[in-house]
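Every chain is numbered from 1 and lettered A, B, ... according to where its sequence line falls, protein lines coming before strand lines. Values reported hereafter were calculated over all heavy atoms of this structure, with side chains retained and with hydrogens, waters and symmetry mates removed.
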There are 2 protein chains.
Amino acid sequence: MMEYGGINMRLPIYLRIAEDIKEKINKGELKPGDAIYSENALCRAYKASRMTVRRGLALLANEGYIYSIPGKGNFVREPDNDTYTLYYNEMKNFINSVDKTKLLEVNIILPNYKLINSLQITRNRKVIVIRRLFFTGGEPVAYDVKYLPYCKGMPIVEKEIRYATFPEMVAKSTSLFAIKKELIIYTQMPDEETKKYLNIYNELPLMVVEQKLYNREGKPIGMGITYFRGDYCKLYAESYFSDSKICEKYKNEAET
Amino acid sequence: MMEYGGINMRLPIYLRIAEDIKEKINKGELKPGDAIYSENALCRAYKASRMTVRRGLALLANEGYIYSIPGKGNFVREPDNDTYTLYYNEMKNFINSVDKTKLLEVNIILPNYKLINSLQITRNRKVIVIRRLFFTGGEPVAYDVKYLPYCKGMPIVEKEIRYATFPEMVAKSTSLFAIKKELIIYTQMPDEETKKYLNIYNELPLMVVEQKLYNREGKPIGMGITYFRGDYCKLYAESYFSDSKICEKYKNEAET
DNA sequence: GAGTGGTCTAGACCACGGT
DNA sequence: CCGTGGTCTAGACCACTCT
């Protein structure tokens, strides 16, 4: 029984082109650096217009499979092995969700030297400090500190702060789309204060996540550190397959 | 001095359309859930053909700014706040690069119960074990164990293994494009054996990274655990801006 | 039925690369 | 020079939604 007329029949031409080439790359028939058939050649091969062919190639380019050099052709790209998609939310990780928080402090302070540097502000610019404890099932699981350069309309109302993640805190003053975020993740032993907050009596390490937020112009608009009890924090990341989601719709149709 | 005729003049129409809408979203003029002008309306507004307008919208869709519902329109998407791009390479992290490795063991074994489960193999399928130490400036910084279901052509030659990262190890049997990778990141205290390997005499936690590799069909083709000395491992992640790289070319031209 | 997005065509002109 | 990719047009037909 031939596959012909099965899945690929009702697949739009541009997807068919993209899938065919992708398969050749995945199978190793096309290797990094190799040239793809020219767009005109693909037009003839698939009896398609050039716009349709280019749409298929654009898909592959977006997914990182190929790149193009004007005047020369399309080529298979070297795969990026070191890039993953990490899912991080200070309230919710791979093994744990925060169900209660406790506000330790909300304050407006003048920044110390480290903060001035880190937030790139002047020494008389006021800063909001928010210190919280996160709980799961009654147990403290993380100690969290955030610093935000004070602007009018900033959240200093307790209700607004309690369950807000960092991006949510700044959402009132900037569109979330316009925010650039950075994470630095490391581990260390807790100091005495943190041990007390997190009920740590034995040798238990911390997972530390530093988060920095920048606006569209690259100016820092907030920084925070979350100290997780090591036994309550697992992070999950995966290599991204931006691809093939589009095709599922058609595959499902074909299966029925 | 007006900006008119500056940057945007030589910008391709589809990019101009995309940038204009993106700016409206970033400024908050368009909020998540809001409808964009219809494609035909944009055609009239920009005196452009529909294919050109759709190309601009496709850009925004790829960058996660908008989505479309056939028969209804294009809408601003809710931004994804919990997704980051993580850069991970067992030999090279934010603060440290491995400059020497030591092979502790290369062996072919029969899997124990945990491996059978984790690699989804039968009990008589042989498995390659590779145990290594990573060094920086003469100091041991990580203890690394990998398991690969044995296939013909697998790397059991010492030279091939010494400096290979996990993806590189399986690259001979599968195209790197076709590999799906998963990471689980957590922290724990070292056991006695690991302490010895990593020269740990005081209270120093480990950063542990479990890595699993899958082929295109979802079958596991390898798993590994890397135990980093906590003081030699920082991971870095950032929110992705898939956007605006395309525009830089034009911006640079405009500046000169 | 009018409007929307999804797919596709058959041309066009341009800048660029290699001969 | 010819072939390549990059941009763009002015149409077309379809499936869908809403009224």
Whole angstroms only, please: what is the [atom1]-[atom2] distance between [X] and [N]?
X: R16(A); N: dT7(C); atom1: CZ; atom2: C1'; answer: 16 Å
X: L15(A); N: dG6(C); atom1: CG; atom2: C1'; answer: 11 Å
X: Y67(B); N: dG6(C); atom1: OH; atom2: C1'; answer: 17 Å
X: L59(A); N: dT7(C); atom1: CG; atom2: C1'; answer: 13 Å
X: R54(B); N: dC8(C); atom1: CZ; atom2: P; answer: 11 Å

Does dG6(C) have OP1 or OP2 under 4.0 Å away from a side-chain N or O of S68(B)?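 So the side chain of S68(B) is within the cut-off, an N or O lying under 4.0 Å from OP1 or OP2 of dG6(C).
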
Is the phosphate of dT7(D), meaning OP1 or OP2, less than 4.0 Å from a side-chain N or O of Y14(B)? yes

Identify, with sequence neighbours excluded, every residue that meets ring pair (Phe, Tyr, Trp, His ring centres under 6.0 Å) alongside Y236(A). F94(A)

Applying ring pair (Phe, Tyr, Trp, His ring centres under 6.0 Å), can you list everything that pairs with F75(B), at least two apart in sequence or on another chain?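 Listed in chain order: Y67(B).
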
Can you sort out the partners of R50(B) under salt bridge (charged side-chain N to carboxylate O under 4.0 Å, His left out), two or more places apart, ordered by chain and number?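 Expected list: E39(B).
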
Could you work out, with salt bridge (charged side-chain N to carboxylate O under 4.0 Å, His left out) as the rule, every residue matching R55(A), not counting sequence neighbours? none

Mind checking side chain to side chain donor-acceptor pair (under 3.5 Å) for T101(A) and listing every partner two or more places apart, or none if nothing turns up? none

How far does CG of N89(A) sit from CG of D82(B), to the nearest 0.5 angstrom?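 The CG atom of N89(A) sits 4.0 Å away from the CG atom of D82(B).
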
N-O pairing of E19(B) and R16(B) below 4.0 Å: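 No, no charged N to carboxylate O under 4.0 Å.
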
Among dC8(C), dT7(D), dG5(C), the nucleotide that comes nearest once only the side chain of T52(A) is considered: dC8(C)

Ranking dT7(C), dG5(C), dG5(D) by distance to the side chain of R55(A), first place goes to dT7(C)

Kindly write out the residues that satisfy side chain to side chain contact (heavy atoms under 4.5 Å, CB included) with S68(B), not counting sequence neighbours, or none if the list is empty. N74(B)

DNA chain C contacts made by residues 38-49 of chain B, counting heavy atoms under 4.0 Å: S38(B), E39(B), N40(B)

Summarise protein proximity over nucleotides 13-19 of chain D in one line of letters, 5' to 3': B for base, S for sugar-phosphate only, - for none, counting protein heavy atoms closer than 4.0 Å. ---BSS-

Assign each of G73(A) and M51(A) to its nearest nucleotide of DNA chain D by heavy atoms, then name whichever residue's nucleotide is nearer the 5' end.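 Here G73(A) is the residue nearer the 5' end.
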
N/O donor to acceptor pairs below 3.5 angstrom from side-chain atoms of residues 27-35 of chain B, sequence neighbours left out:
residue: K27(B); atom: NZ; partner: E23(B); partner atom: OE2; Å: 3.2
residue: K31(B); atom: NZ; partner: G28(B); partner atom: O; Å: 3.2
residue: D34(B); atom: OD2; partner: K31(B); partner atom: N; Å: 2.8

Base, sugar-phosphate or nothing for L57(A)? Non-hydrogen atoms, less than 4.0 Å.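 Nothing: the residue L57(A), judged by heavy atoms under 4.0 Å, touches no strand.
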
